[in-house]
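Right, one structure below, let's go through it.
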Number of protein chains: 2
Amino acid sequence: MDSKIFNLKSKLEVYKAMTGGGNFADCPVRDVIQGISGKWSSLLVMALADKPYRFGELRRLVPDISQRMLTQTLYDLQRDGYVHREVFPTKPPSVEYSLTDLGRSMFAPLQMLIQWAELNHDAVREARGAFDAASRA
Amino acid sequence: MDSKIFNLKSKLEVYKAMTGGGNFADCPVRDVIQGISGKWSSLLVMALADKPYRFGELRRLVPDISQRMLTQTLYDLQRDGYVHREVFPTKPPSVEYSLTDLGRSMFAPLQMLIQWAELNHDAVREARGAFDAASRA
DNA sequence: TAGCGCTGGTCTCTTTTTGAGACCATAAAC
DNA sequence: GTTTATGGTCTCAAAAAGAGACCAGCGCTA
């Protein structure tokens, strides 16, 4: 195994060995991936990678997130160690959210995916269009 | 801008210009990212990156997915052009799912994230533990 | 001093999404 | 003739998400 990135074949074997059952349940990678694969998580990490933002600023930046989900997603990201939450005792108190070192470290590979998305959204939209046209026929 | 990966500051500006409103709504990256950030999507892409699998095989590989969600997630992945579905006229008919070129191309950056998760799941679990301990106190 | 707005939330209600599991047709194997 | 395997769909319950009212504290303004 000289490649830096293991191919998936061996990954599958590793998981099978780890979980003892030959399947993906309780896979640690799943645990981490699911934490950042929510509807809003990657978007917020992306925003915070730019610079720290306050609650209201994030709300305006992502206008179609509900206040409830913004609160909860930030809470989850904080719990998993990606985001730092700091309250400033102004009147009224303001709260600033920023990425931790772990968060920045995670953003690096996430950015690869974002870049791929940026380069390939035309291909995806085209595939979608073709598929829908075919299923209408 | 000599870096291959643009920093997010400029991304934000680009989106603001594109959407005209200075926010993340209708961002094309969101459109693509949300398609692959479902609970099961990345997991299935990961499995199919190994080799083509049949419906029942995937079901056994990911035992805690419901049949309904497996059907639907595969359908969505097929619609977005990541997965190819082929029916073999055996009795009973068998169906094989495989990654398309687009799917394989997307798996490359996804794998970076998977690798990060693999290397850092301890850090995440530790952060989670510390956070929960602190909030109980 | 009475109203208003701004802060970052929480609470409740409704709608959407997901999960659990029954059901289906076909044909081969037992 | 009963069971087994195929890849689904259908229905109903549970969980998650969205919409929007409400809240407390203070500053501003009229």
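Worth knowing before you read on, the calculation uses all heavy atoms, side chains too, and leaves out hydrogens, waters and symmetry mates. Chain A is the first sequence line, chain B the second, and so forth, proteins listed ahead of strands; every chain is numbered from 1.
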Reported CG-to-CD distance for the pair A:L113 and B:Q111, which is rounded to 0.5 angstrom:
12.0 Å

Please say whether more than 12 non-hydrogen atoms of neighbouring residues, nucleotides or ligands are located less than 6.0 Å from CZ in A:R128.
yes

Same apolar cluster (I L V M F W Y, side chains within < 4.5 Å links), A:F107/A:L102
yes

Could you check whether atom CD of A:E126 has more than 12 heavy atoms from other residues, nucleotides or ligands sitting under 6.0 Å from it?
no

Contacts to DNA chain D from residues 82-90 of chain A, heavy-atom cutoff under 4.0 Å, which residues?
none

Output the single nucleotide from C:dG9, C:dT7, D:dT6 whose closest atom is nearest the side chain of A:F55.
C:dG9

Nearest-Å distance for atom pair OH/P, residues B:Y75 and D:dG7:
19 Å

If you compare every side-chain N and O of A:Y97 against the phosphate oxygens of C:dG9 (OP1, OP2), does one of them come in below 4.0 Å?
yes

Rounded to the nearest Å, what distance is computed from the CZ atom of residue A:R54 to the P atom of nucleotide C:dC6?
12 Å

Using a cut-off of less than 4.0 Å, is there contact between a side-chain N or O of A:R59 and OP1 or OP2 of C:dG8?
no

Hey, are the side chains of A:V45 and A:I36 touching, using non-hydrogen atoms and a 4.5 Å cut-off?
no

Side chain of B:S105, backbone of B:D101: donor and acceptor closer than 3.5 Å?
no

Using a cut-off of 4.0 Å between protein heavy atoms and nucleotide atoms, how would you tag nucleotides 12-30 of chain D 5' to 3' with B, S and -?
-----BBB-----BS----

Atom CG of A:L74 to atom C1' of C:dT10: distance rounded to whole Å?
15 Å

Rounded distance (Å) that lies between atom C1' of C:dG9 and atom CZ of A:R60
15 Å

Rounded to the nearest angstrom, tell me the gap between atom CD in A:E96 and atom C1' in C:dG9.
17 Å

Using modelled atom types only, decide if a donor and an acceptor are shared between the side chain of A:S41 and the backbone of A:S37 within a distance under 3.5 Å.
no

Applying a strict under-4.5 Å side-chain criterion to I, L, V, M, F, W and Y, I'd like to know whether B:V95 and B:M69 cluster together.
yes

Indicate the ring-plane relationship of A:W116 and B:Y82, choosing parallel, tilted or perpendicular according to the 30° and 60° boundaries.
tilted

